[in-house]
Structure formats: structure tokens, C-alpha cells
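The block underneath contains the structure these notes are about, expressed in C-alpha cells.
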2 protein chains.
Amino acid sequence: MSKSAKNSKSHPSAEPGDDIEEVIVEHIRTRVLIGALPPGTKLGEELLAETFGVTRSRIRQCLQRLSYEQLVELKANRGAFIASPGIKDAKDIFEARRVIERVTTEIVARTVLTHRLRDLRRKVDAQETAALHGNRKMAITEAGDFHRRLSSLAHNAALAGALEPLILRTALIFGLYGNSGAMFSVAEHHHRILDLIEIGDSNEAASAMERCLYALEGNLDLRRVGDAAVDVRRVLQRIL
Amino acid sequence: MSKSAKNSKSHPSAEPGDDIEEVIVEHIRTRVLIGALPPGTKLGEELLAETFGVTRSRIRQCLQRLSYEQLVELKANRGAFIASPGIKDAKDIFEARRVIERVTTEIVARTVLTHRLRDLRRKVDAQETAALHGNRKMAITEAGDFHRRLSSLAHNAALAGALEPLILRTALIFGLYGNSGAMFSVAEHHHRILDLIEIGDSNEAASAMERCLYALEGNLDLRRVGDAAVDVRRVLQRIL
DNA sequence: TGGGCACGGATTGTCGACAATCTTGATGAT
DNA sequence: ATCATCAAGATTGTCGACAATCCGTGCCCA
């Protein structure tokens, strides 16, 4: 193993040094969410430090943040592993999402100015085409973003903050138990939700959101999938 | 050999070293929640390290955890300060709590075995006597615990996890804007909620919880209180 | 053969020292 | 007097080295 990773000036640096951690966290996060790093995968500190060209202390901070989000599990003296939510976790998370998003959707339908929905509509379009092209990764991230942005339109930081980790974990769950076929149906649900918000029917919009989440949960294939071993370094390599 | 003879130091040690941080975090947390450390107070790392007899790195971790709970705000290169939630924060938090706790209460009323409520009832009693004796600190912590434990009876980790930080921040808010007179009325609300859960009236129980939270919010005196300076070391001194 | 047991290598956890940044207070020019 | 500037001290941020712990391997003995 040549230590050619010393390329100090090729990709890392140039970062203000403060949000370099945010970049790393986001990088790992997306890889986890699209399923490139299956649950159970070990994230060795030294390994990550080398691939990102930073010190171990910094990696340590990143892992801690990811563990706050419950995307990785930190076992004492053992290391960091991609979290592996169980069936019960999935069930709880979906129920919690229905509770929260039903309300945020209702609020948005009552209060939002329709022109604020244009970005959202475009996002669903992007998600739809991604699903049609079988681009699972983009479909998942776009779908998550849809829910995230919709919730932010309710202008309630506490509700959005409570929802955020649930959205993250949902993506992780979908990477685990997800059924690819559901992606297209989700886009349809999202379009329908937007339609109902646009005409200001808050009750129906909330119900549509609830149905969307039920459908999502119903599409899960909850048989445990064996953990496939992956080359962590290769998956995380190209940082940008 | 005696297992306790090893560490007879003044205050710290004797901790397995792993959850010593948890002890420190909890210690600071309670002090914040009972209002002994007013919002805006600076928590210097060196100072905390000395008073707890640990290294700065440890304190650093603790502060990071507290900042994740949004009880302290971490300003880059400036230090850690007790968080100071604004009016809008308070409003959002109460709305979010109503959304979540309405549901958890409803679930509990439908599913819980009544003998499971005895601890809860005792807790409300404790809270009531604390309120009567003007023991504000205990009343606040007991009230928080009531909501926390009640939510855990719904057996939904996601909902409980989403609620937890809201309960914490509510206590902080109450320490800031709280009206002491409300404490007694809160205990009454709690008794009433338990009554309704016991007879299995889930709708009324949920409504009672909602009213409890509305009452709580209504009792806030939202004029900004000037930050009183405190001696951080003295407040945190007696650990254990 | 199979189950401890100890040892060496690898990995995580902790610490103290140093670098970077902010705060304070004094200085001086307008 | 007011404000800008700038050093000196105090505080936070980062790093590399060392300590503690874990894991796989080979050995020993029943």
C-alpha cells in the first residue's frame, strides 16, 4: 500500500477547515442513504482518515455526528458501524412520520402561497424521471428532499427538526428493505399531494400525505437481507 | 480485595471512565433545566474541566452533546453558552408537542394496562406537593419526567425520541419565561390526564393533554428577562 | 478433537502540548 | 471625547503520541 494518499493539495484542503467536517459527513451520509454502504459495514477511523486526507480526530467528530443522526452506531472500543434499523424501528418511524407530516402538510395547505410550490413541483418531476430511468439513488434522495422541503414550508422549526432524523432513517430503511417498484408510485403520491395543497384542500392534502406514507411502508419487504461486504474505501473515494 | 478502596479522591474518579461524561452532562443538564444557569451564561471549557476534575477534551465532548440537545449553543471560536430560545421557538415547540403528545396519549389510553400507571400517578403526586411547597425546581423536573414516561408507554421509540428534545427545551423555556403560579395547575392537568387514561377514554385523554400544553404555553410570560450573571463554578460545584 | 489461554497486532480512546482565534485594554490620532 | 488600531493575555481548536482495549491466532492440555 503506497502512501500516495499524501496528495495533500489535490482534492482536500482549500476548505476553510471548519466545514470540512460537514462535507465529509454529508458525503458519508449520502453514501449511506443510497445504500452504497450497507448496514453493518464497519467504518474504520484510520481508513476514513486516509481516504479523506484528514486526521483521525476529525473523522471521530464526523462519526459522532452521524451517530447522533442514528445513521451509524458507535460501539464502545469496537468502532463505528452503519446502523441497521429493525422492523420495529421501521414501524415506529413510519407512524411518527404520519403523525408529524399529516400536520405539516395541513399547515402548508392552509398557509402557503402557491408560487412557493414551484420548486417542489420541479423536484417531484425530477424524482419521477429518475424513477422512470431506474435511477434509484436519485429517486431516494429527491423523495427525501421533497418531504424535507415541504415540511419547512410549515415554518415550524421544532416540527421540521423532529422530522429530519426520521426522513434520514427512512432512506436508510428503504435502502435496506426497499422495493424498487415503489419509487414511481411515490412520485405520483407526491404530485397528488401538491395538487391538493394548491387548491387549498388541507384535509385532503393531509390525508394524501398519510396515504403516501402508508403506501411507502406497505412497499417494504421486511425480510432481512444478508449484509453484503463492500470496499469502504472505494465507495467513499471520490470526494468532491 | 475491597473494590471501593481504589479511588478515594475528592470527588471525581471512581467512575468507570466511560459514563463519567454522561454524569457530567446530566449534572449540567439539570442545572440548566431548573434555571440555575440562565440562558446566555458562558460555559468555559477550562473552568468546567477544573470543577469536574477532568480534562478539557472530555468537557468538550459533553458540551457537544448538550449542543446537540440544543440546551447549549456552540459558537465557533467563541465557546459554549446556555441556549436562549426565543418566542418563536417556544411557540413552535409547544405546537410540536401538542401534535406528538396528543397521539402518544391517545395510544397509551387505548393500550396501557392500568397498573402501569401507578408510578406515573406517584410522580404527579410528588410534583403536586413540590408545587405546593414552592419547590419550583423539583416541580419542573417531575413534570418533565411525567411527559417523558407517559410517552414511553406508547412503545414508539421514534415518537419518544422526537419528543425528548422538545421536553428538554420546554423546561429551559419555562426557566426563562415561566410563571411559578402555573406549576400547581399543571399537576391538576396531569391528574386529569391520568384519570381519563385509566377509564380508557382515549379521545378525551388526548384532548386533556392538548389542553395541558395549551395551558402551559398560555402561562408563559414572554417578556424577555435580563440575563442574570451567575457564578458557574459555584452552581456546578457539588457533583453527585 | 475441542476448549480455554495467552500473546501480538491492529484499532479505538485519552491526553498534553501547540497553533489559531478571540477579547481586552491601552494608545494615539482626528 | 470618540473611534480605530494593535499588542498581550486568555480561550478555543487541532494534532500527534501514547495508553487501553479488542480480535485473531497459535499453543497447550484435558
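From a predicted model like this one, the values you see are computed outputs, not experimental measurements. The sequence lines fix the lettering, A, B, ..., with proteins before strands; numbering per chain opens at 1.
- Taking atom CD of residue B/E50 and atom C1' of nucleotide C/dG16, one finds them 15 Å apart after rounding to whole Å.
- Remark on DNA chain D: of its neighbouring residues A/Q61 and A/R78, the 5'-side contact belongs to A/Q61, judged by nearest-heavy-atom nucleotide.
- Note: B/F52 and B/H27 have perpendicular aromatic rings, judged against thresholds of 30 and 60 degrees for the angle between ring planes.
- A/Y214 carries A/R98 over the face of its six-membered ring, with the cationic atom under 6.0 Å from the centre and within 45° of the normal.
- Put simply, CG on B/L47 is 9 Å from P on D/dT12, counting in whole angstrom units.
- An end-to-end axis angle of 10° holds for the helix from C/dT1-D/dA30 to C/dT30-D/dA1, taken from five base pairs per end and rounded to 10°.
- Using a 4.5 Å cut-off on side-chain heavy atoms (C-beta onward), A/R58 and A/R56 make no contact.
- Side-chain N/O atoms of A/R56 include none lying less than 4.0 angstrom from OP1 or OP2 on C/dT12.
- Rounded to an integer number of Å, the gap from A/I24 CD1 to D/dT14 P is 12 Å.
- The CD1-P distance, from B/I20 to C/dT14, rounds to 11 Å in whole Å.
- In the set D/dC15, D/dT12, D/dC23, D/dC15 carries the atom at the smallest distance from any side-chain atom of A/R58.
- One can place CD1 of A/I59 at 17 Å from C1' of D/dG13, the figure rounded to the nearest angstrom.
- Atom CG in A/L43 sits 7.0 Å away from atom OG1 in A/T41 (nearest 0.5 Å).
- Checking C/dG13, D/dT11, D/dT14 against every side-chain atom of B/K42, the shortest atom distance belongs to D/dT11.
- Using a 4.0 Å heavy-atom criterion, one finds that B/R60 contacts the bases of the nucleic acid, with or without backbone contacts as well.
- Considering CG of B/N219 and CZ of B/F174, their distance stands at 6.0 Å, rounded to 0.5 Å.
- Side-chain atoms of A/T55 lie closest to D/dG16 of the nucleotides D/dC23, D/dG13, D/dG16.
- Atoms CD1 and CG, on B/I34 and B/L172 in that order, are 12.5 Å from each other to the nearest 0.5 Å.
- The distance from atom CZ of A/F81 to atom P of C/dT12 is 8 Å, rounded to the nearest whole Å.
- One atom, CD of B/E45, and another, C1' of D/dG13, lie 8 Å apart when rounded to the nearest Å.
- Regarding A/E46, its CD atom lies at a distance of 13 Å from the C1' atom of D/dC15, rounded to whole Å.
- Side-chain atoms of B/N77 lie closest to D/dT12 of the nucleotides D/dT12, D/dC15, C/dG13.
- Paired with A/L168 under the rule side-chain contact (heavy atoms from CB on, under 4.5 Å), one option of A/L33, A/I93, A/L163, A/L66 passes, and it is A/L33.
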